[in-house]
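Remarks on the structure that follows.
Residue numbering restarts at 1 for every chain, and letters A, B, ... go by the order of the sequence lines.
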Amino acid sequence: MEPVSKKPKTDEEEIVEDYEVEEYVPDNTLVELASGLTRLQTTADEGMKHEDGPNNMFNGKELSTKYFDILKVRRDLPVHVQRQQFLDTFHSTQIMVFVGETGSGKTTQIPQFVLFDDLPQLQGKMVACTQPRRVAAMSVAKRVADEMDVRLGEEVGYSIRFEDKTSPKTLLKYMTDGMLLREAMHDHNLSRYSCIILDEAHERTLATDILMGLIKQVAVRRPDLKIIVMSATLDAQKFQSYFNDAPLLAVPGRTHPVEIYYTPEFQRDYLESALRTVLQIHATEPEGDILLFLTGEEEIEDACRKLKLESDELTRESGCGPLKAYPLYGSLPPNQQQKIFDDAPPGGRKVIVSTNIAETSLTIDGIVYVVDTGFSKQKVYNPRIRVESLLVAPISKASAQQRAGRAGRTRPGKCFRLYTEDAFKKELNEQSYPEILRSNLASTVLELKKLGIDDLVHFDFMDPPAPETMMRALEELNYLTCLDDDGNLTELGRLASEFPLDPMLAVMLISSPDYYCSNEILSLTALLSVPNVFVRPNNDRKAADEAKNSFAHPDGDHLTLLNVYHAYRSDEAQADPNEWCYQNYLSLRSLQSADNVRAQLKRLMEKNGLELMSTPYEDRNYYTNIRKALTAGYFMQVAKKSSQGGKNSYTTVKDNQDVLIHPSSVLGQDSEWVIYNEFVLTTKNYIRTVTGIRPEWLLEIAPVYYDLDTFRKGDIKMSLERVYKKLEAKK
DNA sequence: GAGCACTGC
């Protein structure tokens, strides 16, 4: 392997390198095929004529029969009618907003309309179309490759976190919004693209929001760049005015009407009301499946049990057909998720009891009735105590509309809202709060800095986050020395931004070679970036806990996780990972995804000249070194045992919150000082994934943060003072 | 002695 330079290129060097305009020499055949077309001045008729063949304008090959079959269907889509109108608007402006309802064909057709007009094959450029989710990017790319009669990965490709299915031939690239953001960090002008289409912008993911702010700036620097912001809702005005009154084009969708029913009065117990409604639909409405929206796993499993009992009784008593209930939520194993697509029992129907996952991520055909409780779990961030938590909260009008729409995909349907019409009109927000207003922004701020945005205070966010949230993020990054005191990116910060990780995790990983344990920290970082690896089935808790205890390390949960990973990588486990995970109450899915993440992080470490090494296992410092490296990233998340309260009572350092160690922790011995991976606010204040550390490490590793003058008088300050004195005496 | 809505790099 080639030696890698430790010093990364500066931003300036990278931009210059990527923005150098080379003379592009297009393929002769392709030039001929596009003859007669003037770039960015074509008409719908010209585009259609070239679409009609006989040769494919983008690869020169003869078009297939299958292509023409699909073309017929495409020309029947609602967007097709407005192709000329689209081109007129596209030509008239640099940035446009496009509103296409579900079923309009916007995600598949608009990028193709652009290709026939923008002719990127003659420019050596690409058209990008972003999606919030990986599956969408993949499946749409596949569909469009078929429509264009090209091989997926050639002229049409996709790019997502663990897979880049593109080639030098690629002209149209579907990608996740996060992926485009990553690219922008190395190419601030997005110079590989002639047109960028932000699809599903109304979902307002963190990445979409940052991209919108960035693209608004890039548009000024690159007058040649075309931008289309696509959204599904009628919330388009906000996008228009944000993009300097960009012109708007709206295309109707193709869905079936859905009748909305409200309850006459407020429902005190939405769960009870939901079950009653489902059973009533089953007893009285014509055939068609039901989709019920609830908030979380436990509630859903509980509802499914109750529905089974009650519907069996209904079948016995009144002779209506069977009702089969299927739970649906994200952490459900894939084979069980798949079951929702099973046919309804003969003579009966199925009801799918789901979280928000069925609102956007998963589409189920055959749903005719939707029961909407009006609630979902939502992430909220409290910058004062720096805690993200999940709360059950009322949904927005936009969400309610989206849920109702799920009933009208195959034929006319009905939606039963378990709240009053008055509540809908007066109490629900128009839109859900965008993610950027509900998150810890440490990662985001680091990304923005890396994107070359120095003045964050004046950065033009569509919805600016609370100043306190920004301050917290800047402060955290400063303590991590990712930003200097003037808020500029440091060498460490530049390196940290290369990793798709929270800054604390990134710093821990980057520091790990200093503690001779980068291999182990690499594994641990991956494990901390995936969903919980421990499985604890409700009816099997005792056995699951015993299995977990067999991996336990007395110094805490991080080392326990590492034990799990090492056992999982052993020959014994790899012989039959499925069975091994089942026997040990571990999630194979999580462990496999940790493997993927680990491989990606390893590549990034090698690319950035970070050495991979281990302390020999026999060395008595093997575990100590790992715990020190943990401290290097997590010195801001430390708690000390309280003098009062139970054995699990701790107080967080600096902000003096009373917390309990989460009952899932294996931390055996009484550790006076612990670092924790997360603070969870549920019935009580818990710290979860906890490891014991030595207080002197804190003073050595993070002297600025542990400047005792900044500490409040009390037990913690006194203890640290004693530790300081001891350290001084040793010197 | 508890609980993980959903995405994404």
Side-chain angles (χ1 to χ4, degrees), chain A residues 130-137 159-164 175-186 200 203-211 293-302 328-332 354-362 373 375-380 388-393 395 399 402 432 434-435 438-439 443-444 446-447 450 496-503 505-506 529-538 541-542 544-545 548 587 590 593 596-597 600-601 604 646-648 660-666 678 680-689:
Chain A
T130 68
Q131 298 293 321
R133 282 168 293 278
R134 294 207 283 251
V135 273
S159 175
I160 59 176
R161 181 169 184 181
F162 296 114
E163 197 183 1
D164 180 10
M175 64 205 300
T176 46
D177 47 15
M179 205 67 207
L180 185 60
L181 195 60
R182 279 275 139 195
E183 283 190 12
M185 287 165 58
H186 293 279
E200 315 290 358
E203 288 195 26
R204 303 292 306 277
T205 67
L206 249 171
T208 301
D209 269 25
I210 302 169
L211 278 172
F293 284 102
L294 293 178
T295 64
E297 173 176 343
E298 195 175 302
E299 197 178 74
I300 287 169
E301 292 291 355
D302 186 42
L328 177 63
Y329 45 86
S331 56
L332 204 65
S354 173
T355 60
N356 258 358
I357 194 169
E359 201 176 296
T360 47
S361 309
L362 253 164
T373 53
F375 290 97
S376 71
K377 278 193 189 172
Q378 291 160 35
K379 184 175 74 179
V380 285
E388 285 182 343
S389 46
L390 278 175
L391 292 179
V392 173
I395 60 170
S399 266
Q402 176 74 20
S432 313
E435 204 183 350
R438 298 182 285 119
S439 311
S443 236
T444 303
L446 191 65
E447 282 163 14
K450 173 67 185 162
S497 73
E498 292 290 316
F499 291 88
L501 295 169
D502 267 356
L505 275 177
S529 320
V530 299
N532 193 0
V533 298
F534 297 105
V535 180
R536 197 166 184 255
N538 257 335
R541 293 183 191 168
K542 204 166 162 249
D545 290 347
K548 182 173 180 176
S587 158
S590 284
S593 109
N596 277 333
V597 174
Q600 186 193 24
L601 298 176
L604 285 166
K647 154 170 170 296
N648 281 333
L660 293 169
I661 295 203
H662 197 272
S664 65
S665 179
V666 299
E678 57 180 344
V680 281
L681 190 76
T682 50
T683 48
K684 291 171 185 145
N685 286 342
Y686 288 109
I687 51 176
R688 192 159 54 188
T689 314

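Residues passing the ring-ring contact (aromatic ring centres under 6.0 Å, His included) test with A/Phe534, sequence neighbours excluded: none. A/Asp545 is linked by a side chain to side chain contact (heavy atoms under 4.5 Å, CB included) to A/Arg536, counting only residues two or more places apart in sequence or in another chain. Under the rule for a side chain to side chain contact (heavy atoms under 4.5 Å, CB included), the partners of A/Thr355 that lie at least two apart in sequence or sit in another chain are A/Ile300, A/Tyr329, A/Ile357. Residues satisfying the side chain to side chain contact (heavy atoms under 4.5 Å, CB included) test with A/Lys379, not counting sequence neighbours, are A/Glu388, A/Leu390, A/Glu435, A/Arg438, A/Ser439. Under the rule for a side chain to side chain contact (heavy atoms under 4.5 Å, CB included), the partners of A/Arg134 that lie at least two apart in sequence or sit in another chain are A/Ile160, A/Arg161, A/Phe162, A/Thr176.
Atom CZ in A/Arg541 sits about 11 Å away from atom P in B/dG3, given to the nearest Å. Between A/Lys548 atom NZ and B/dA2 atom P the separation is 14 Å, expressed in whole Å.
Nucleic acid contact for A/Asp545: base, since at least one base atom lies under 4.0 Å from a heavy atom of the residue.
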Counting primed atoms, P, OP1 and OP2 as sugar-phosphate and everything else as base, the B/S/- map of nucleotides 4-9 of chain B against protein heavy atoms under 4.0 Å is BBSSSB

